[in-house]
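Notes follow once the structure below has been shown.
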Amino acid sequence: MQPIENILKNLLSQALQTAYDIDADIHIETPKDASHGDLSSNVAMTQARTLKTNPRTIAQTIVAHLDESPYVESVNIAGPGFINFFIADTFYHQVVPEILEKQDAFGSGETGQGQSVNIEYCSVNPTGSIHVGHARGAAAGDSLARIMDKAGYNVTREYYVNDAGNQIDNLAKSIEARYKELHGHDGTMPKDGYFGKEITELAQTIKSKFGDAYLGNDAAIDFFRRHGVDLFLEIIKQDLADYGVTFDVFFSEQSLYDDNEVQSTLTYLKDRNLTYEADGAIFLKTSEYGDEKDRVIVKSDGTYTYLMPDIAYHKNKIDRGFDTLINILGSDHHGYVNRLQAAIEMISGHTNKLEVNLLQIVRVFQEGEEVKMSKRSGRAITLRDLIDDAGRDAIRYFFARHSLNTHMDLDLDLAIRKSTDNPVFYAQYAHARIITLINKAKSQGYDIDPSHMTYETLKSSDARALLKWLSRYPGVIEEAAQKREVHKLANFVHSLSSSLHSFYSNVPVIKASDQRIVEHLNLMEAVRIVLSQSLNLLGVSAPTSM
RNA sequence: GUUCCGGUAGCUCAGCUGGAUAGAGCAAUGCCCUUCUAAGGCAUCGGUCGGGGGUUCGAAUCCCUCCCGGAACGCCA
């Protein structure tokens, strides 16, 4: 079914067209006060200035030109010029049979129109375990990918593996230092070394496997580099899998060098006169594309800056034919966004090819004090800790509920405690309650059966509230996908759960006439499907009992 | 100094391209389990939407300015 908002938008824009011969962006909203209708539009007021007419007059004209719709019960004009719509029950009556027919496909939309989208997120350097600070981005990217996929986009989830460059050199040197130490040699760590316990464990593993074969060996550093990256990538993948986060592509930075793509991208930029040399370095003319100043891509010592392979990487993505690239980055990268977007405009010819969603850094507090995340100290709180202590569902739901712009302070003492007042249980409990209810009814010989719905028994305000929320689901998916705002769906989950719990308390389902039982069972099953589906999109499980 | 984010109830946060009387959860208080799961429901309490100007029929929302908090401003990655 189409979101009712879209139906009304079409009606209104047609009326505007015939009455005034104008196009306008039409906004539909839900009034807080039910006496103002189910939905309303302020289009008469927004057009008042351009039409130089009293908004109430415009509203009357629009309403007079509205086509008949089976879904609109009545329309009135109120206040300064609101057009208020009362939606016919027939609209809400479609929803249960449709959900029961489509099952989990309900709410899948055409908004994305098969546009291919590459979402890059997480992309934690393989130099340590994944920690709390990365968890937000991983959750955000995964849920967004699921939602956009459902909304009809063709989504590729991608992780950029920084397996080249200084950090990896430091990792290799750190492993080597530990390895030497284990053999009783000088194990001085490099200046920016990594001190996590995994490093020592890996050195130990290498020692027991290969003995002292890599002491003073020329090939040793490459060996340590490869093993370090492999080790951490495996740990990261496992942690993410347990967090409900998966990827279609792990893209190796090193492969850009191996396949000569960095060099060819540099040549590409040079050939188009987008670079110049100064002070022995090569600059990219990003300032001509909206950046504050030009950026160095090749340093005077001949090595590349981080930007250079990153441009090659994004060129690779573009060459793979994606319509849109989305990067989800921590806000500490915001200074980097302009230059990357400038570079992408250079190579793609489009200004809005790359969309960057910045998320605010999560600050973690324990016993009232901020816990600083540091891979160097090796004392960071890991995602693994969080999953083990608080549970995947609680963490995923916690992140899903907040807008990416929110600065979050995560109180570990609170998060780790499996408190029963955790909001995730509220939604999960709603789902579990429905399951037991349906099972009970089935054991008494009733079953889901959408074939003869009369709705005669579904007239309680609690039942009607559920029908309304269910019918809103496709619109919520559409909005969350278009705006890239996962938390809109989390808000919906809460609202639907809340309506379910009210319904559950007020309306007995099983003790009633047969017709009533079946209709209510159908409703319950429809709610269950939508609840389970939307929790799944957030990376949260929908338990059958609690 | 510049840029980006945030400031909404005691706490954590919603608030839909500006809309009608600013909402949830937690905390507090009081009711509701002989009835499908009380991890629930219902009700009460709680607000100068950081301060001040402005824009207009209308501002938590847009503009200006100031205050507070966070992040970033490399030939680091």
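Throughout, a chain's letter reflects where its sequence line sits, starting with A, and its residues are numbered from 1.
Taking the side chain of A:K32 as heavy atoms from C-beta on, and the options B:rG74, B:rA20, B:rC4, the nearest nucleotide is B:rA20. Here the side chain of A:F425 is nearest to one of B:rA14, B:rA39, B:rG41, namely B:rA39. Here B:rG40 is the nucleotide among B:rG40, B:rC76, B:rC75 with the atom lying nearest to any side-chain atom of A:Y429. Of the candidate nucleotides B:rU37, B:rC75, B:rA14, B:rC75 has the atom lying nearest to any side-chain atom of A:F283. Taking every side-chain heavy atom of A:D33 into account, B:rU21 is the closest of B:rC36, B:rU21, B:rA38. Nearest nucleotide to the side chain of A:L358, out of B:rC4, B:rG6, B:rG19: B:rC4. Considering only side-chain atoms of A:F82, the nucleotide from B:rC75, B:rC36, B:rA20 that sits closest is B:rA20. Closest contact between the side chain of A:Y426 and the listed nucleotides B:rG40, B:rA20, B:rA14 involves B:rG40. Among B:rG41, B:rA77, B:rU37, the nucleotide with an atom closest to any side-chain atom of A:H501 is B:rG41. Between B:rG41, B:rC4, B:rC75, one nucleotide has an atom nearer to the side chain of A:S505 than all others, and that is B:rG41.
Nucleic acid contact class of A:R295 (heavy atoms, under 4.0 Å, all strands): none. The residue A:M408 sits close only to the backbone: its heavy atoms come under 4.0 Å of sugar-phosphate atoms, none of a base. Residue contacts for A:I361: at a heavy-atom cut-off of 4.0 Å it reaches no nucleic acid atom on any strand shown. Here A:S545 lies in heavy-atom contact (under 4.0 Å) with a base. As judged by a 4.0 angstrom heavy-atom cut-off over every strand, A:I28 is placed among the base-contacting residues. The residue A:Q428 sits apart from the nucleic acid: no heavy atom pair falls under 4.0 Å.
Put simply, A:Y306 has no side-chain N or O that comes within less than 4.0 Å of OP1 or OP2 on B:rA77. Contact between the side-chain N/O atoms of A:S502 and the OP1/OP2 oxygens of B:rC42 is found at a separation under 4.0 Å. For A:H487, a side-chain nitrogen or oxygen approaches OP1 or OP2 of B:rG15 to under 4.0 Å. A:T406 has no side-chain polar atom (N or O) that falls below the 4.0 Å cut-off from OP1 or OP2 of B:rG70. Contact check, A:K299 against B:rC76: a side-chain N or O comes under 4.0 Å of OP1 or OP2. Close to B:rA71, at under 4.0 Å from its OP1 or OP2, lies no side-chain N or O of A:Y336. Side-chain nitrogen and oxygen atoms of A:N405 include at least one within less than 4.0 Å of the OP1 or OP2 phosphate oxygen of B:rG6.
B:rA39 is unpaired under the Watson-Crick or G-U wobble criterion, no partner having all donor-acceptor distances under 3.5 Å. Applying the Watson-Crick and G-U wobble criteria (two distances, each under 3.5 Å), B:rU56 pairs with nothing in any strand. Base-pair partner of B:rU61: not found among the strands shown (Watson-Crick or G-U wobble, both distances under 3.5 Å). In this structure, B:rC26 forms a base pair with B:rG10, meeting either the Watson-Crick or the G-U wobble geometry with both donor-acceptor distances under 3.5 Å. Base-pair partner of B:rA71: B:rU3 (Watson-Crick or G-U wobble, both distances under 3.5 Å). Pairing of B:rG47, defined by two Watson-Crick or G-U wobble distances under 3.5 Å, is not identified with any nucleotide.
Judged as a side chain to side chain contact (heavy atoms under 4.5 Å, CB included), and not counting sequence neighbours, the contacts of A:R226 are A:F223, A:D230.
With rounding to whole Å, A:L500 atom CG is found 12 Å from B:rC42 atom P. In this structure, CD1 of A:I282 is placed 15 Å from P of B:rC75, rounded to the nearest angstrom.
Toward the 5' end of RNA chain B, the nearer of the two residues A:A164 and A:K293, judged by each one's closest nucleotide, is A:K293.
Side-chain atoms of A:H402 and base atoms of B:rC13 include no donor and acceptor less than 3.5 Å apart. Contact of A:H407 with B:rG69 (side chain to base): a donor-acceptor pair of N or O atoms is detected under 3.5 Å. Judged by atom type and distance alone, A:T305 does not reach the base of B:rC75 through any side-chain donor-acceptor pair under 3.5 Å. A:N84 contributes a side-chain N or O that forms a donor-acceptor pair with the base of B:rA20 under 3.5 Å. Below the 3.5 angstrom threshold, one finds a donor paired with an acceptor across the side chain of A:N42 and the base of B:rG19.
Atom name C1', nucleotides B:rU29 and B:rU65: the rounded distance is 43 Å, in whole Å.
When only modelled atom types and interatomic distance are considered, A:T127 and A:Q167 share no side-chain donor-acceptor pair under 3.5 Å. Counting only N and O atoms by type, the side chains of A:Y276 and A:D294 include a donor and acceptor under 3.5 Å apart. When only modelled atom types and interatomic distance are considered, A:D462 and A:Y504 share no side-chain donor-acceptor pair under 3.5 Å. For the residue pair A:N327 / A:H314, a side-chain donor-acceptor distance below 3.5 Å is found, with atom types taken as modelled.
A:Q360 places no side-chain N or O within 3.5 Å of a backbone atom of A:S331 that could act as its donor or acceptor partner.
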